[in-house]
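Okay, structure first, notes after.
Hydrogens, waters and symmetry mates are skipped; everything else that's a heavy atom, side chains included, is used.
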Amino acid sequence: MVVYLPSLTLFCHSLWTKKMSAAAALFVFMCLTATTYADHHQPCHSPNMTGLMSVMSFKGEMKALGAFTYDSMGKKLRFRSNESQPTNTSLGLDLLMFFDEGIFYEIDSKNQSCEKKKLQMALHPLDIPDDAKLYSTVNSGSASIEGEGLKVNVWTGSMPQIKGHYSMSVTMGCLPVTTMYFSETTPFLFRNMEVDLEIKDPDLLVVPSFCHGQPVEDTPEGTINSFLNEFM
Ligand SMILES: *[C@@H]1O[C@H](CO)[C@@H](O)[C@H](O)[C@H]1NC(C)=O
Ligand SMILES: *[C@@H]1O[C@H](CO)[C@@H](O)[C@H](O)[C@H]1NC(C)=O
Ligand SMILES: *[C@@H]1O[C@H](CO)[C@@H](O)[C@H](O)[C@H]1NC(C)=O
Ligand SMILES: *[C@@H]1O[C@H](CO)[C@@H](O)[C@H](O)[C@H]1NC(C)=O
């Protein structure tokens, strides 16, 4: 990357001086982005968090709105959708994910049952994958008016398992704000809100007693289990 950058920059410059089409302008923009972010950047890892998460499909369907608890060291996540404001597309979900172990539980507290499944894809909207690439740094809102802007790093990467890619906006303190997932199915937008940097209720990250001894279910051929797939 670094090796051919001078020539790329030169090429960008020569394009710039010619009469430009919109496509060329876009390409120049991409060249400049490539120039700025050619350095190697390591993704940060999010801290412990409690907050709200909303999940929307790009068809405009509200898939879920609920509370999450995330343990960044233990790589554990609990998400429970709040059914007090249901829309006709919302899903009632209660998920307890163990990313290091590669398993998760779909919990039904009402009838005290649960399903234990294998994870085929560890990706989720609360942490940046290690192989993500820094695409750009953006000031949303205003950079000059205090309290009216939010500076975010945009990280991108691919999801080979479901033939897609993602784009995550993350604050300078490593709090993911929005994540977009694009795949062969409808794209999804995850948003994190009202985040606190602590685990308020550690019990939420403990497997409920009624799930103990649950066997791991067989994954049907061709099925991909992941946090994202739970909303599809
Ligand atoms: C995050 O939470 C876990 C589980 O409660 C705890 O063991 C760990 O020390 C916490 N990490 C930080 C940095 O507070
Ligand atoms: C669901 O939302 C309502 C109203 O916003 C709130 O009072 C309640 O605590 C929420 N419940 C859960 C489990 O998050
Ligand atoms: C509910 O679902 C129907 C059909 O699936 C759709 O036409 C309608 O717009 C939905 N309403 C809301 C409020 O989402
Ligand atoms: C619990 O409820 C879910 C749906 O709400 C149902 O699919 C499941 O079979 C129920 N399990 C038991 C043990 O009743």
Q | Min side-chain heavy-atom separation Ser226-Leu123 under 4.5 Å | A | no

Q: State the CG-CE distance between Asn82 and Met53, to the nearest 0.5 angstrom.
A: 14.0 Å

Q) Under 3.5 Å, side chain of Ser142 to main-chain N/O of Ser144, donor-acceptor pair present? A) yes

Q.
With rounding to the nearest 0.5 angstrom, report the OH to CE distance, Tyr181 to Met232.
A. 10.0 Å

Q.
What I want to find out is whether Glu106 reaches Lys117 closely enough, with some N-O distance under 4.0 Å, to be called a salt bridge.
A. yes

Q) For the side chain of Ser46 and the backbone of Leu126, is there at least one donor-acceptor N/O pair under 3.5 Å apart? A) yes

Q.
Take a 6.0 Å sphere around CE of Met73 and say whether it holds more than 12 heavy atoms from other residues, nucleotides or ligands.
A. no

Q.
So for atom CG, which belongs to Asp218, do other residues, nucleotides or ligands contribute more than 12 heavy atoms lying within a distance under 6.0 Å?
A. no

Q: Please confirm whether the backbone N or O of Ile199 pairs with a side-chain atom of Asn48, one donor and one acceptor, at under 3.5 Å?
A: no

Q.
Rounded to the nearest 0.5 Å, what separates atom CH2 in Trp155 from atom OG in Ser167?
A. 12.0 Å

Q) Are Asp196 and Lys200 within salt-bridge range, i.e. N to O under 4.0 Å? A) yes

Q. Any side-chain heavy-atom pair from Val55 and Leu189 closer than 4.5 angstrom?
A. no

(Q) Using a 3.5 Å distance criterion without hydrogens, assess whether the side chain of Gln214 forms a donor-acceptor pair with backbone atoms of Lys116. (A) no

Q. Would a distance-only check, ignoring hydrogens and angles, find a side-chain to backbone donor-acceptor pair under 3.5 Å from Asp127 to His45?
A. no

Q. Do you see a donor-acceptor pair shorter than 3.5 Å between the side chains of Asn153 and His41?
A. no

Q. Should Ile107 and Phe99 be counted in the same cluster of Ile, Leu, Val, Met, Phe, Trp and Tyr side chains packed under 4.5 Å apart?
A. no

**Q.** Closest heavy-atom pair and its distance - Val195, Leu175
**A.** CG1-CD1, 4.4 Å

Q. With distance as the sole test, does Glu61 use its side chain to make a donor-acceptor pair with the main-chain N or O of Met56 at under 3.5 Å?
A. no

Q: Begin with the C-alpha distance, continue with both residues' side-chain angles, and end with the deciding distance and a verdict on side chain to side chain contact (heavy atoms under 4.5 Å, CB included) for Phe58 and Met180.
A: CA-CA 10 Å; Phe58 277 36; Met180 285 182 278; 3.7 Å; yes

Q: Determine yes or no for a side-chain-to-main-chain donor-acceptor pair under 3.5 angstrom, with Asn229 supplying the side chain and Ile224 the backbone.
A: yes

Q.
Other residues, nucleotides and ligands only: do more than 12 of their heavy atoms fall within 6.0 Å of CD on Glu194?
A. no

Q) Does Ser57 use its side chain to pair, donor to acceptor, with the backbone of Lys59 at less than 3.5 Å? A) yes

Q) So, Thr69 side chain and Arg78 main chain: donor-acceptor pair closer than 3.5 Å or not? A) no

Q: Mind checking the CZ-CZ spacing from Phe188 to Phe231? Nearest 0.5 Å is all I need.
A: 9.0 Å

Q. Do His124 and Tyr70 have ring centres separated by under 6.0 Å?
A. yes

